[in-house]
Amino acid sequence: MDIIYNFVFLLINISGLTLYFSIKEKVFVNPIDRFIGLGDIVFFIAITPLFKLETFIPFFIVGLLFSLLLYAIILLFKKIKTIPLAGYLALYLVINIVIQNVFNINISI
């Protein structure tokens, strides 16, 4: 059941992105084509079995903030045009799992 709830959460987010960018551009916009990669969506779908909804939502929010912060730091040293969201989120997931298992601290999972 948790997988279904997480998947619905993702669908709500993608629908919200679609609505936001469609209103902003005043024409229907598919955010998967222009703003977020298909690999990012596949990554989110792939990690849904790892979480209950109560832990998936904080992981999602904090992971996006972590990705934005990491992108800003890397942008200081190297000019990149796109954010490799799935890569940054995978790094966040690994850091989260290591901290949880090595130090026995529960961050967001």
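Start at 1 with the first residue, then count along the sequence. Note that the structure is a prediction, hence the values are computed from the model and not measured.
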Student: Out of curiosity, does Ile4 fall in the hydrophobic cluster containing Leu11 (side-chain heavy atoms, cut-off under 4.5 Å, transitive links)?
Tutor: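 Yes, Leu11 and Ile4 fall within the same hydrophobic cluster.
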Student: Between atom CG of Asn101 and atom CG of Asn96, what is the distance when rounded to the nearest 0.5 Å?
Tutor: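 Answer for the CG-CG pair, Asn101 versus Asn96, is 9.5 Å.
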Student: May I ask you to test the Phe44-Leu89 pair for a side-chain heavy-atom distance under 4.5 Å?
Tutor: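 SC-SC contact between Phe44 and Leu89 confirmed.
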Student: Taking atom CZ of Phe59 and atom CG of Leu64, what is their separation to the nearest 0.5 Å?
Tutor: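 Those atoms lie 9.0 Å apart.
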Student: Atom CG in Leu70, atom CG in Leu91: separation rounded to 0.5 Å?
Tutor: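 Spacing of CG (Leu70) from CG (Leu91) equals 6.5 Å.
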Student: With the 4.5 Å side-chain cut-off for hydrophobic clustering, are Phe9 and Leu19 part of the same group?
Tutor: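 Different clusters: Phe9 never reaches Leu19 through Ile, Leu, Val, Met, Phe, Trp or Tyr contacts under 4.5 Å.
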Student: Only one of Asp2, Asn6, Leu93, Ile97 clears side chain to side chain contact (heavy atoms under 4.5 Å, CB included) with Leu50; which?
Tutor: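 One option only clears the test, and that one is Leu93.
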Student: If hydrophobic clusters are built by linking Ile, Leu, Val, Met, Phe, Trp and Tyr wherever their side-chain heavy atoms come under 4.5 Å apart, do Ile32 and Ile12 end up in the same one?
Tutor: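 Yes; Ile12 is reachable from Ile32 via cluster members.
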Student: Within this structure, what is the CG-CD1 distance for the pair Leu10 and Ile47, rounded to the nearest 0.5 Å?
Tutor: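 Going from CG on Leu10 over to CD1 on Ile47, the span is 8.0 Å.
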Student: Using modelled atom types only, decide if a donor and an acceptor are shared between the side chain of Thr55 and the backbone of Phe51 within a distance under 3.5 Å.
Tutor: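 Not confirmed, Thr55 side chain does not pair with Phe51 backbone.
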Student: Taking the side chain as every heavy atom from C-beta outward, state whether Leu68 and Tyr88 have any atom pair closer than 4.5 Å.
Tutor: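 They are not in side-chain contact.
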Student: Roughly how far, to the nearest 0.5 Å, is the NZ atom of Lys26 from the CZ atom of Phe21?
Tutor: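 One finds 15.5 Å between CZ of Phe21 and NZ of Lys26.
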Student: Please check if Ile3 and Leu53 belong to a single hydrophobic cluster, counting links between Ile, Leu, Val, Met, Phe, Trp and Tyr side chain heavy atoms closer than 4.5 Å.
Tutor: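 Unlinked, Ile3 and Leu53 end up in two clusters.
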Student: Let me confirm one number: the CG-CD1 distance from Leu75 to Ile73, rounded to the nearest 0.5 Å.
Tutor: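 So the gap between those two atoms works out to 11.0 Å.
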Student: Going hydrophobic residue to hydrophobic residue with side-chain gaps under 4.5 angstrom, can you get from Ile36 over to Leu38?
Tutor: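 Shared cluster, yes.
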Student: Using the side-chain contact (heavy atoms from CB on, under 4.5 Å) rule, take Thr18 and Phe28 through it: C-alpha gap first, then chi angles, then the decisive distance, then the call.
Tutor: CA-CA 8 Å; Thr18 302; Phe28 176 76; 3.5 Å; yes
Student: Check Ala86 against Gly39 and note the closest heavy-atom contact, atom names and distance.
Tutor: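 Of all heavy-atom pairs spanning Ala86 and Gly39, the closest is CB-O, 4.2 Å.
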Student: Would you sort out whether Tyr71 and Leu85 count as a side-chain contact (heavy atoms from CB on, under 4.5 Å), showing the intermediate values?
Tutor: CA-CA 9 Å; Tyr71 172 74; Leu85 183 60; over 6 Å; no
Student: Tell me whether the rings of Phe56 and Phe60 are parallel (<30°), tilted (30 to 60°) or perpendicular (>60°).
Tutor: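 Tilted, since the angle between the ring planes falls between 30° and 60°.
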Student: With under 30° as parallel and over 60° as perpendicular, where do the rings of Phe66 and Tyr92 fit, or are they tilted in between?
Tutor: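 Phe66 and Tyr92: tilted rings.
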Student: Hey, does Leu17 have a side-chain heavy atom less than 4.5 Å from the side chain of Phe35?
Tutor: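 With C-beta onward as the side chain, the pair stays apart.
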